[in-house]
Undergrad: 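Handing you this structure, nothing more for now.
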Amino acid sequence: MKVVVCGAGIAGLALAERLDAAGAEVVVLEKAPAPRPGGYMIDFFGPGYDAAEAAGVLPRILELGYRIEEVAYCDASGRRRAGLRLGRFARAAGGRLVSVTRPDLERALRERLSARVDVRFARTIARVDNGAAGVRVTVDDGAVLDADLLVGCDGIHSAVRALVFGPQDRYLRYLGLHTAAFSFDDPAVHAAVDGRFCMTDTPHRAMGFYGLRDGRVAAFTVHRAPDPALPADAAAALRREYGTLGWIAPRALEACPPSGEVYYDQVAQVVAPAWSRGRVALLGDAAYAVSLLAGQGASLAVAGAYVLAEQLARSASVDAALAAYESALRPVVLDRQEAGRRGARWFLPATRTRLRLRRAALALAGLPLADRLAATAIAGKPSALVTELAAGRPDRRGGLFPTT
Ligand SMILES: Cc1cc2nc3c(=O)[nH]c(=O)nc-3n(C[C@H](O)[C@H](O)[C@H](O)COP(=O)(O)OP(=O)(O)OC[C@H]3O[C@@H](n4cnc5c(N)ncnc54)[C@H](O)[C@@H]3O)c2cc1C
């Protein structure tokens with residue numbers, strides 16, 4: 001079986017590894033010229049954690065990851081006003097939570113790829129001819145790839161989705177926020193953050209900081225914006241939007257790299273009535289972005305890759321595998337998308353009153369008995385999405401790949 005994967009992000013790399021391990025021939029097309037270095041801190045737990053463990057990549061993720069004890073909300077003078085004890089939440093979740101930067105998570109997944117996987121950087125899809133028995137992909141360098149399946153793993157603005165399923169607007173649910181991330185060198189800010197994930201305790205707009213192992217600081221921003229259109233100059237927009245925040249924000253903005261090195265996007269969910277059409281499927285944010293408000297997009301990308309690869313390995317036809325993948329994953333995604341939308345007003349309070357309410361709620365969440373409740377609120381309903389498949393692994397005969 002031959003599969004073309006569009007996008008070498010978290011979903012694309014996880015899928016390529018699983019498909020290759022199952023005996024498929026895999027070509028990955030990535031539009032960036034090289035692995036993307038910029039990124040933000042990801043809390044990695046839930047079904048993606050289970051999938052990473054089943055796929056054997058978890059030890060490397062844990063090695064590259066961080067154990068963050070606390071998310072501290074600090075005022076304009078740097079005083080801690082409230083906090084979320086992430087360490088206690090992690091323990092309530094059985095210790096199965098690690099914080100890892102997006103580039104490091106991609107690195108762990110990329111390192112697992114065998115030399116058989118044909119990864120082509122600086123390439124994208126120019127044309128798709130989707131048939132009942134196969135798909136023809138024309139790459140932007142003129143190469144033509146005939147495959148059994150094309151999987152769009154190319155993020156919320158997926159080109160595969162636009163080519164095969166229709167215009168972007170139809171699938172994007174804008175959540176009224178813009179977000180950005182960048183990293184910078186500043187020993188004084190690194191020391192001020194001091195092993196915590198620090199967020200400004202501010203309404204309408206907030207910045208977050210984490211000191212990385214290499215001495216750099218990862219910064220993250222989120223602000224309310226009625227218009228989903230992105231600014232032409234991201235760095236200038238950040239200086240404009242966050243210039244009035246106190247504490248370490250001005251130093252971070254001063255050190256902000258040029259726009260090309262800043263991650264900047266709208267916060268949105270992807271709502272697609274179907275995740276496949278003919279021999280083209282969607283995976284990860286391209287199919288079902290839950291947004292940073294839900295905090296499990298990376299986890300669901302890795303879990304979805306695991307489920308799709310396993311279904312292709314077990315099912316008698318591509319159609320059956322795609323249907324099984326979607327029906328297993330969709331309920332989990334809907335649950336997470338709803339939780340993300342519900343949590344929006346607490347994630348970034350719109351008023352000072354709501355900010356004070358959040359402080360009070362966080363103080364209550366600090367009580368010992370609240371740990372399990374907080375774990376469920378953040379992680380959602382426990383799901384056996386991956387563990388059941390992993391437990392039944394030997395049962396793969398009769399699938400679309402040669403047995404391994
Ligand atoms: C600030 C922030 C914080 C977050 N925090 C968390 C968290 O704590 N926990 C969590 O689980 N998730 C979190 N997420 C969500 C998570 O990052 C995403 O859900 C995840 O990255 C989705 O992975 P993906 O591979 O589907 O898409 P992406 O990461 O968007 O990767 C898509 C890939 O496709 C490539 N590509 C795009 N277009 C094309 C094209 N036309 N042709 C070829 N290649 C293309 C891109 O260059 C990229 O490599 C957060 C997101 C943000 C923005």
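Every value quoted in this text rests on a predicted model; they were computed, and no experiment measured them. Atoms within each ligand, like the ligands themselves, are counted from 1 in listed order.
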Undergrad: Can you sort out which atoms of ligand 1 are near Gly9, meaning under 4.0 Å from one of its heavy atoms?
TA: 25 (O), 31 (O), 33 (C), 49 (O)
Undergrad: So, regarding Arg102 and ligand 1 (criterion: nitrogen or oxygen to nitrogen or oxygen, under 3.5 Å), is there a contact or not?
TA: no
Undergrad: Without swapping roles, check the side chain of Arg354 against the backbone of Leu348 for a donor-acceptor pair under 3.5 Å.
TA: no
Undergrad: Using a strict 4.0 Å threshold on nitrogen-to-oxygen distance, state whether Glu254 and Arg239 make a salt bridge.
TA: no
Undergrad: Could you say whether the N/O atoms of Ala11 and ligand 1 ever approach to under 3.5 Å?
TA: yes
Undergrad: Return the orientation label for the Phe184 and Phe182 ring planes: parallel under 30°, perpendicular over 60°, tilted otherwise.
TA: tilted
Undergrad: Can you find an N/O atom of Lys31 closer than 3.5 Å to an N/O atom of ligand 1?
TA: yes
Undergrad: Can you list the ligand 1 atoms lying under 4.0 Å from a non-hydrogen atom of Cys153?
TA: 32 (C), 33 (C), 34 (O)
Undergrad: How far is atom 8 (O) of ligand 1 from its nearest protein heavy atom, and which residue and atom is that?
TA: Asp43 N, 2.8 Å
Undergrad: For Thr179 and ligand 1, answer yes if some heavy atom of the residue is under 4.0 Å from a ligand atom, otherwise no.
TA: yes
Undergrad: Does Arg123 come within less than 4.0 Å of ligand 1, judged by its heavy atoms?
TA: yes
Undergrad: Could you tell me whether some N/O pair between Glu106 and ligand 1 is separated by less than 3.5 angstrom?
TA: no
Undergrad: Can Tyr40 be said to touch ligand 1, with heavy atoms closer than 4.0 Å?
TA: yes
Undergrad: For Arg60 and Glu111, what are the C-alpha separation, side-chain angles and deciding distance, and is it a salt bridge (Lys or Arg N to Asp or Glu O under 4.0 Å)?
TA: CA-CA 9 Å; Arg60 184 63 174 140; Glu111 284 174 0; 2.6 Å; yes
Undergrad: Among all protein heavy atoms, pick out the one at the shortest distance from atom 53 (C) of ligand 1; state its residue, atom name and that distance to 0.1 Å.
TA: Tyr263 OH, 3.3 Å
Undergrad: By number and element, which atoms of ligand 1 are closer than 4.0 Å to a non-hydrogen atom of Phe220?
TA: 1 (C)
Undergrad: Starting from atom 5 (N) of ligand 1, which protein heavy atom do you reach first, and at what distance in Å?
TA: Met41 O, 4.0 Å
Undergrad: Can you find a non-hydrogen atom of Gly295 under 4.0 Å from ligand 1?
TA: yes
Undergrad: Determine whether the side chains of Asp265 and His157 contain a donor N or O and an acceptor N or O closer than 3.5 Å.
TA: yes
Undergrad: Between Tyr242 and His223, is a side chain to side chain contact (heavy atoms under 4.5 Å, CB included) present by the stated rule, with each step listed?
TA: CA-CA 9 Å; Tyr242 296 89; His223 68 269; 2.8 Å; yes
Undergrad: Compare every heavy atom of Arg81 with every heavy atom of Asp201, then report the nearest pair and how far apart it is.
TA: OD2-CB, 3.5 Å
Undergrad: Under the side chain to side chain contact (heavy atoms under 4.5 Å, CB included) rule, what do Leu145 and Arg136 come out as? Steps first, then yes or no, please.
TA: CA-CA 6 Å; Leu145 305 170; Arg136 170 164 287 191; over 6 Å; no
Undergrad: Determine whether the side chains of Asp319 and Ser317 contain a donor N or O and an acceptor N or O closer than 3.5 Å.
TA: no
Undergrad: Under 4.0 Å from any heavy atom of Ala159, which atoms of ligand 1 are there?
TA: 41 (N)
Undergrad: Might you confirm whether atom CD of Glu70 has over 12 heavy atoms from other residues, nucleotides or ligands at distances under 6.0 Å?
TA: yes
Undergrad: Given Val290, Thr124, Leu29, identify the one with the heavy atom nearest to atom 42 (N) of ligand 1.
TA: Thr124
Undergrad: So, does Asp43 use its side chain to make a donor-acceptor pair with the main chain of Ser99 at under 3.5 Å?
TA: no
Undergrad: Report, in ascending order of atom number, the atoms of ligand 1 lying under 4.0 Å from any heavy atom of Ser299.
TA: 11 (O)
Undergrad: Answer yes when Asp118 and Arg120 have at least one side-chain N-carboxylate O distance shorter than 4.0 Å, and no when they do not.
TA: yes
Undergrad: Would you call Ala181 a ligand 1 contact, heavy-atom distance under 4.0 Å?
TA: no
Undergrad: Going by atom types alone, do Ser114 and Asp20 pair a side-chain donor with an acceptor below 3.5 Å?
TA: yes
Undergrad: Give the atom numbers and elements of ligand 1 that come within less than 4.0 Å of a heavy atom of Gly7.
TA: 34 (O), 35 (C), 44 (N)
Undergrad: State the atoms of ligand 1, each with its element, that fall below the 4.0 Å cut-off from a heavy-atom position in Gly284.
TA: 26 (O)
Undergrad: Can you report which non-hydrogen protein atom sits closest to atom 30 (O) of ligand 1, along with the distance?
TA: Gly155 CA, 3.6 Å
Undergrad: Is the closest heavy atom of Phe45 to ligand 1 under 4.0 Å?
TA: no
Undergrad: Going by the angle between their ring planes, with limits at 30° and 60°, are Phe220 and Phe197 parallel, tilted or perpendicular?
TA: tilted
Undergrad: Counting from 1, what ligand 1 atoms have a heavy atom of Cys6 closer than 4.0 Å?
TA: 42 (N), 43 (C)
Undergrad: If you measure every N or O of Gly297 against every N or O of ligand 1, does any of those distances drop under 3.5 Å?
TA: yes
Undergrad: Under a 3.5 Å distance rule, please check whether Tyr171 uses its side chain to pair with a backbone N or O of Phe165 as donor and acceptor.
TA: yes
Undergrad: Where is the nearest protein heavy atom to atom 29 (O) of ligand 1: which residue, which atom, and how far?
TA: Arg36 NH2, 3.7 Å
Undergrad: Tell me whether Asp104 is salt-bridged to Arg102, with the criterion being a basic N under 4.0 Å from an acidic carboxylate O.
TA: no
Undergrad: Looking only at protein heavy atoms, which one is nearest to atom 49 (O) of ligand 1, and how far off is it?
TA: Glu30 OE1, 2.6 Å
Undergrad: Who's the nearest protein heavy-atom neighbour of atom 36 (N) of ligand 1, and how far?
TA: Asp154 CB, 3.8 Å
Undergrad: Would Ile10 count as a polar contact of ligand 1, with the cut-off being nitrogen or oxygen pairs under 3.5 Å?
TA: yes
Undergrad: Would one find an N or O of Ala298, backbone or side chain, under 3.5 Å from an N or O of ligand 1?
TA: yes
Undergrad: Please write down residue, atom name and distance for the protein heavy atom closest to atom 18 (C) of ligand 1.
TA: Asp285 OD2, 3.3 Å
Undergrad: Counting distance only, does the side-chain N/O of Ser327 pair as donor-acceptor with the main-chain N or O of Ala323 below 3.5 Å?
TA: yes
